[in-house]
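Report on the structure given below.
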Amino acid sequence: MSERTLYAGTYTQKDSEGIYIYRFNTENGALRQQAVVAGHENPSFLTFHPQGHILYAVNEDVDAGQVSSFAIDPDTGGLTHLNTQPTYGTAPCHLVVEPGAGTLVVANYYSGNVAVYPLNADGTIGDPVQNIQHHGSGPNQERQEAAHAHSATMSPDGSRVYVADLGMDKVMIYRLVDGRLEANQPDSVGVQGGAGPRHFDFHPNGRFAYIINELDLTVTVCGFDADTGALNPKQTISTLPEGVDDRSGFSCADIHVSADGRFVYGSNRGHHTIAIFAVDQESGLLTAAGHASTRGETPRNFTLDPSGAWLLAANQDTDDISVFSRDADSGQLTPVGDMVWAPMPVCLKFGP
């Protein structure tokens with residue numbers, strides 16, 4: 001039997017205790033809980049050291065955010081806490097490590113700032129070296145009254161960082177130089193007013209990128225210039241089926257491009273679905289290819305397993321994970337097995 005370790009970041013409310021560890025059977029899609037690492041508040045979003053021996057988690061505190069490192073047991077997948085650093089912001093919600101493993105970048109949602117850290121030789125997080133404050137707002141007065149940095153994504157070559165800011169309706173572009181961020185030229189790309197960009201992913205061919213917009217439930221397709229770092233918007237497409245008029249309580253969350261580059265997937269909260277898009281390989285443009293119910297409520301984050309055969313979705317409000325088999329030719333998703341309990345799951349990551 002072939003198994004992989006799955007880590008689930010959660011909000012430590014209701015019944016959640018911290019980071020949950022699961023074993024995933026890559027042959028039949030069975031998922032079972034193995035352990036929980038307790039004692040850390042709201043370890044919501046997770047990422048890994050490029051060498052695979054360290055897990056990093058933001059501690060999404062709305063008063064004083066933090067980011068933590070954990071050593072991964074190579075035999076069991078278990079976690080041992082190493083250290084914690086402040087993010088000098090509130091509600092840190094996303095983080096990324098550059099491929100050379102020298103720098104960690106954290107996005108703080110409520111305070112709208114980006115914190116930058118060196119990583120020590122043992123994988124622990126050094127003292128922050130930079131704190132970049134975003135400034136701006138958008139037309140949605142309730143959600144865009146100020147900047148809200150929502151994700152940090154590394155360019156394929158590790159030379160730039162893209163920070164989707166929901167409050168500013170922009171993706172800010174930074175060059176990574178000697179472990180610090182500098183404004184790129186161009187320094188940003190804008191989306192339509194009130195869209196609320198949230199998460200971001202590159203196509204594996206390095207020519208396209210995709211922004212999922214939380215507030216207006218769309219995906220913005222961009223051409224990507226690897227030489228300059230520029231993003232060129234070329235399409236905006238809805239994540240909802242035609243005929244959905246009442247969008248109250250609806251919002252988007254996560255986006256991923258399949259490893260084969262043929263499909264893009266996005267999560268719809270409120271509608272409780274994964275939107276499926278086919279990718280034109282020449283232009284990068286998207287065509288709607290269907291929707292799959294997550295069989296639960298509020299799919300926050302989701303992940304594709306490294307083989308591309310499975311997609312797992314985290315339903316935050318029904319405390320469960322839904323497993324789908326994925327058809328590589330059609331991109332369609334078929335639910336597999338029973339729902340698996342996970343308290344307030346926010347992020348799913350397969351271990352290296």
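Given the structure is predicted, the values throughout are model-derived calculations rather than measurements.
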For Asp187, what residues pass the salt bridge (Lys or Arg N to Asp or Glu O under 4.0 Å) criterion, not counting sequence neighbours?
none

With sequence neighbours left out, what residues match His291 under side-chain hydrogen bond (donor to acceptor under 3.5 Å, both in side chains)?
none

Taking ILVMFWY side chains as joined if any heavy atoms are under 4.5 angstrom apart, and letting links pass through other members, which residues group with Tyr11?
Met344, Val346

Provide the full list of salt bridge (charged side-chain N to carboxylate O under 4.0 Å, His left out) pairs with a residue in residues 189-202, sequence neighbours left out, each pair given once.
Arg198-Glu214

With no hydrogens and no angle check, do the side chains of Asp254 and Ser267 hold a donor and an acceptor under 3.5 Å apart?
no

Taking 4.0 angstrom as the limit, do Glu3 and Arg32 come out as a salt bridge?
yes

So, Asn59 and Ser68: side-chain donor and acceptor under 3.5 Å apart, yes or no?
yes

Of the non-hydrogen atoms in Cys347 and Leu46, which two are nearest, and what is the gap between them?
SG-N, 3.5 Å

Examine the side chains of Thr124 and Asn83 and answer whether a donor and an acceptor come within less than 3.5 Å of each other.
no

Using distance only, find each side-chain donor-acceptor pair of residues 242-250 under 3.5 Å and give its atom names and separation, not counting sequence neighbours.
| residue | atom | partner | partner atom | Å |
| --- | --- | --- | --- | --- |
| Asp246 | OD1 | Ser248 | N | 3.1 |
| Asp246 | OD1 | Ser248 | OG | 2.7 |

Using modelled atom types only, decide if a donor and an acceptor are shared between the side chain of Trp310 and the backbone of Thr26 within a distance under 3.5 Å.
yes

Given the side-chain rings of Phe70 and His81, with only the six-membered ring counted for Trp, is the space between their centroids under 6.0 Å?
yes

Measure from the side-chain N and O atoms of Arg262 to the backbone N and O of Asp329, and report whether any donor-acceptor pair falls under 3.5 Å.
yes

Only counting residues at least two apart or in another chain, list the ones meeting side-chain contact (heavy atoms from CB on, under 4.5 Å) with Asn131.
Tyr88, Asn113

